[in-house]
Amino acid sequence: MPERPQIVVAAGILRDAEGRILIAQRPAGGHVGGCWEFPGGKLDPGESPAEALVRELREEIGVRVELATPFMAYRHDYPERSVELHVFIVERYTGDPRGVEGQPLRWVSVAEFPTAGLLEADRPIAEELARQPPLSRS
């Protein structure tokens, strides 16, 4: 059986003043379209996860990351691909998040994660966030 393609992704956890977390909806036509995910995207060749995070959040949701710290990293295997996720807590950013590419965004509480329609690959992030003490955006 051929080896699954490996995709490396950086994702950010952004919180609003109420402690809710930003999620974005994937485009309907793509892989796991319509599901919700933590914003971010694939690394470009030669790019570090932190560099990809800054670029992707600027391109996708129009914010400038000022401070982000690593939160967790893990691999998720789909039947057709393997995704290596590098997740950051975005502690400071400027700009108001918006769906630059037309994608819907919404702020959800940790308690809403189980019914938010999150990607299977993002569920470990949600579970880990649920175990953490609440953080606030500074």
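These numbers come from the heavy atoms of this one structure, side chains and all, not from hydrogens, waters or symmetry mates.
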Determine whether [X] and [Y] fall in the same hydrophobic cluster, where Ile, Leu, Val, Met, Phe, Trp and Tyr are linked whenever their side-chain heavy atoms lie under 4.5 Å apart.
X	Y	value
Phe71	Leu43	no
Leu22	Leu57	yes
Val83	Val8	no

Exercise: identify the closest heavy-atom pair between [X] and [Y]:
X	Y	answer
Ala10	Pro49	CB-O, 3.3 Å
Gly95	Pro97	O-CD, 3.7 Å
Gly12	Val90	CA-CG2, 4.1 Å
Arg20	Ser109	CG-N, 4.1 Å
Phe88	Ala68	CB-CB, 4.1 Å
Trp36	Asp122	O-OD2, 4.5 Å

Scan side-chain atoms only and decide if Glu60 and Gln103 contain a donor-acceptor pair under the 3.5 Å cut-off.
no

Does [X] pair with [Y] as a salt bridge, N-O distance under 4.0 Å?
X	Y	result
Glu120	Arg123	no
Glu37	Arg26	yes
Glu56	Arg58	no
Asp96	Arg98	no
Arg55	Glu59	yes

Begin with the C-alpha distance, continue with both residues' side-chain angles, and end with the deciding distance and a verdict on ring pair (Phe, Tyr, Trp, His ring centres under 6.0 Å) for His76 and Tyr78.
CA-CA 7 Å; His76 179 80; Tyr78 286 103; 4.6 Å; yes

Would Ser82 and Arg75 count as a side chain to side chain contact (heavy atoms under 4.5 Å, CB included) here? Give the steps.
CA-CA 7 Å; Ser82 179; Arg75 192 174 92 195; 3.1 Å; yes

Are side-chain heavy atoms of Leu105 and Ile23 found at a separation under 4.5 Å?
no

Please walk me through it: do Thr94 and Glu66 pass side chain to side chain contact (heavy atoms under 4.5 Å, CB included)?
CA-CA 7 Å; Thr94 57; Glu66 294 182 337; 2.9 Å; yes

[Y] backbone acceptor or donor facing [X] side chain under 3.5 Å:
X	Y	answer
Tyr74	His86	no
Asp16	Gly19	yes
Glu127	Pro124	no

Stepwise, does the side chain to side chain contact (heavy atoms under 4.5 Å, CB included) test hold for Gln6 with Arg81?
CA-CA 6 Å; Gln6 171 94 10; Arg81 65 185 70 183; over 6 Å; no

Looking at CD of Glu47 and NZ of Lys42, how far apart are the two atoms once the value is rounded to the nearest 0.5 Å?
13.0 Å

Run the ring-centre check on Phe113 versus Phe38 and record whether the distance is less than 6.0 Å.
yes

Kindly indicate, with the supporting measurements, whether the criterion side chain to side chain contact (heavy atoms under 4.5 Å, CB included) is fulfilled by Val100 and Ile61.
CA-CA 5 Å; Val100 172; Ile61 62 171; 5.5 Å; no

Option among Leu118, Ile13, Leu119 that satisfies the side chain to side chain contact (heavy atoms under 4.5 Å, CB included) test with Ile125
Ile13

